[in-house]
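Below is one structure, written out as structure tokens, with a few remarks after it.
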Amino acid sequence: MNNGLAIDIGGTFTDVVLELEGEIHSTKVLTSREDPSDAVMDGIEQIFSETGATPSDVEIILHGTTLATNALIERRGAKTALLTTLGHRDVLEMALENRFEQYDINIERPVALVPRTLRLPIVERMNAHGEVLIELDDDSVDSAIEEMRAQGVESVAIGFLHSYVNDEHELSVRQRVRDQMGDIPISLSSDVCPEIREYERMSTTCANAYVLPLMKFYLGRLSERFNSRGFDCPYLMMTSGGGLTTFETAGRYPIRLVESGPAGGAILAEQISREVKADKVISFDMGGTTAKLSLIDEGKTLLSRAFEVDRAYRFKKGSGLPVRIPVIEMVEIGAGGGSIAHLDKIGRIQIGPESAGSDPGPACYGNGGSNPTVTDADCVLDRLDPNLFAGGNLSLNRESAESAIDLQLAQPMKLSISDTAQGIAEIVDENMAAAARSHASEWGKSLDQRTMVAFGGAAPLHAARLLEKLNLACVVIPQDAGVGSAIGFLNAPISYEVVRSSHMLLENYDPSLVQDVLSNMREEASQVVESASSTGEFMERGTAYMRYVGQGHEISVPFETSSIDHDELLKTFESTYTSLYGRLIPHAPVEVMSWTLNVSAVQDAVIDSVAFASNSAEVASSHLQVSTESSESDGSFALLHRDALERGQLIIGPALVTERHTTTVVPAGFGLRRLQSDHLLMFKEEGIEHS
């Protein structure tokens, strides 16, 4: 595969990247909130105009979006009902029956997506072995249907107790709802999340139902526009787990798209960690609306089957909306360039999570925005070239940024505009550093002396300060960092993961049962991958979720699907357990709770190679020399275009290195070098002799 089009829709900007004959071309346009496909098509037309490409040149379209995530966070999804087992309608609010912050009496739990009046009880009951205890009562189903009609329900979630073992009742109710309510979208827990743990299964199913109508309409609309424009190639969606799947599959399981865009960035960081031979990496993706951080060890991202959307309480685990999907483990916070700065009740600067978005956007965009944002602060601090912002598609208005900061923050605090802008930058940097520390501690990892890979429109602006706060070793800024997530799509595999909960004591290991489970999962996953890939060759990656009997949580244990047996599974479990906890529990029996299988097409990436083309304006000769006499204290930076740097050339801050879609801030006391790979390497000045 040589020519591909990658599209990443964020809350503020839509990035479009075209890989054409081995070279990368990119553009960045404001996201169109009413119809996101408008910005997609505008970006495509811009990039076609710049390159002379046509739809016939494109062999594959890859897409990632935060639309599903934003709909969950902003509660803009469909009016959803949950049909569940009689007596279990309050599972969504009871949650895990714990407190994520034990000593704060004022904590607020996430509001359930489905209100209690739309959680409708159905008379039925299965036991944990899938045996019917109470037969399904059709009258209770009809009563629920009547209530859903009366309340104007737009989407239905069906989740019964133990349906992951036996889905008979869920299938029967789906058919009855379909017969009486036509083609209303329906999500089954046995289909969306067929595994143990009732609360997480219900939460995931409700979330899928909540965003299903929105995402199905959007993907259908986008497909129509692609077709009418003349594209005749596969359209694939990026999933949260770092793989690619068809629009059709994504339309059935949109909950798998909640970290769609950020997953592309993590894949890019994973690739770069291997290129620069960095064993311990932190990926830092800061765009217009959010910042995303993830850890990469030994060239591999952390993978998980659990994720929380919109952690609202100091990044605490348990304060968000839980979903159980294959996901690249990361923390995401409302700390982007468009995040709004405001004063709290005692007059302190707070950042986000509210964002100015793309319309009206930050005050400096000149589109009518009046709230001060992080981008406004960066503009006032002269960290941005007003004529190169977003590839020259936006010309920044510094006066509007100063006015917004002055009226809403500086005057009430009795500070200068520049000091207030510096305060905004410092607060958002500390918020991101705190999120990184919290994320690392949850996984028992250290951040000390890690290499940061910084990308996204705003990350290179703030990377140096995070290096200081987190005591990192250095920062790598990839080529074309401003559209890094979209470039990551070009390196993603076509893959799909399925899960089954099938309990088994390891001492009673049953090879035939294991093979039956694997065969069932292989059939489902292979069908999805085959629909998106023409290679005909597939790889498999199996994982067993295991624990000692009596424990509350499992650990993930990888295994070879072709040679799985009792001894190898036990050996890998003990090795993994020891690496996590430092010891084993002697003579304790071990059990498997769930199995997952990931099937991927055999190819390194959708795009075989990625090279970069300079599609920026001619670099002015005055930018070729770096003055080391400039000083942040008087608000001045030396200005240099990235293309002006020779490979191996070293510059000393303070300096700004501008490029088409972002700017790298090199503060005083920092050095920056362009590597032979064309990535930029930034480090503290005392490390220059070792760089």
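Note that the numbering runs from 1 along the sequence shown for the chain. For clarity, every value in this text was computed on a predicted model and none was experimentally measured.
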*Does a side-chain heavy-atom distance below 4.5 Å link Met94 with Tyr199?*
no
*Could you tell me whether Glu195 and Arg305 make a salt bridge, using a distance below 4.0 angstrom between a side-chain N and a carboxylate O?*
yes
*Are any of the side-chain nitrogens in Glu93 or Arg119 under 4.0 Å away from the carboxylate oxygens of its partner?*
yes
*If you measure only the distance, is there a donor-acceptor pair under 3.5 Å linking the side chains of Thr246 and Thr249?*
yes
*Take Tyr218 and Asp35 through the test side chain to side chain donor-acceptor pair (under 3.5 Å) and record every step on the way to the result.*
CA-CA 8 Å; Tyr218 166 71; Asp35 184 352; over 6 Å; no
*Glu131 side chain to Asn166 side chain, donor-acceptor N/O pair below 3.5 angstrom*: no
*Flag the pair Arg125 and Glu135 as a salt bridge only when some basic side-chain nitrogen lies within less than 4.0 angstrom of an acidic carboxylate oxygen.*
no
_Ion pair check, Arg225 and Asp38, cut-off under 4.0 Å_ = yes
*Mind checking whether Trp595 and Phe559 have parallel, tilted or perpendicular rings, split at 30° and 60°?*
perpendicular
*Which distance, rounded to the nearest 0.5 Å, do you find between the CZ of Phe160 and the CG of Leu83?*
6.0 Å
_Taking every non-hydrogen atom, the tightest pair across Ser189 and Ser163_ = OG-OG, 3.0 Å
*asked:* If the threshold is 4.0 Å, N to carboxylate O, is there a salt bridge linking Arg176 and Asp142?
replied: yes
*Within 45 degrees of the axis of the six-membered ring of Tyr496 and under 6.0 Å from its centre: does Arg256 put its NZ or CZ there?*
yes
*Looking at Arg547 and Glu591, does any basic side-chain N land under 4.0 Å from a carboxylate oxygen?*
yes
*asked:* I'd like to know if Lys216 and Glu248 make a salt bridge, using a cut-off of under 4.0 Å between side-chain N and carboxylate O.
replied: no
_Minimum-distance pair of heavy atoms, taken over all atoms of Leu303 and Gly241_ = CD2-O, 4.4 Å
*Do any N or O atoms from the side chain of Arg89 and from the backbone of Arg116 form a donor-acceptor pair under 3.5 angstrom?*
yes
*Can a donor-acceptor pair be found between the side chains of Thr290 and Lys292 at a distance below 3.5 Å?*
yes
*Can you name the closest pair of heavy atoms from Ile196 and Ser501 and give their distance?*
N-OG, 2.8 Å
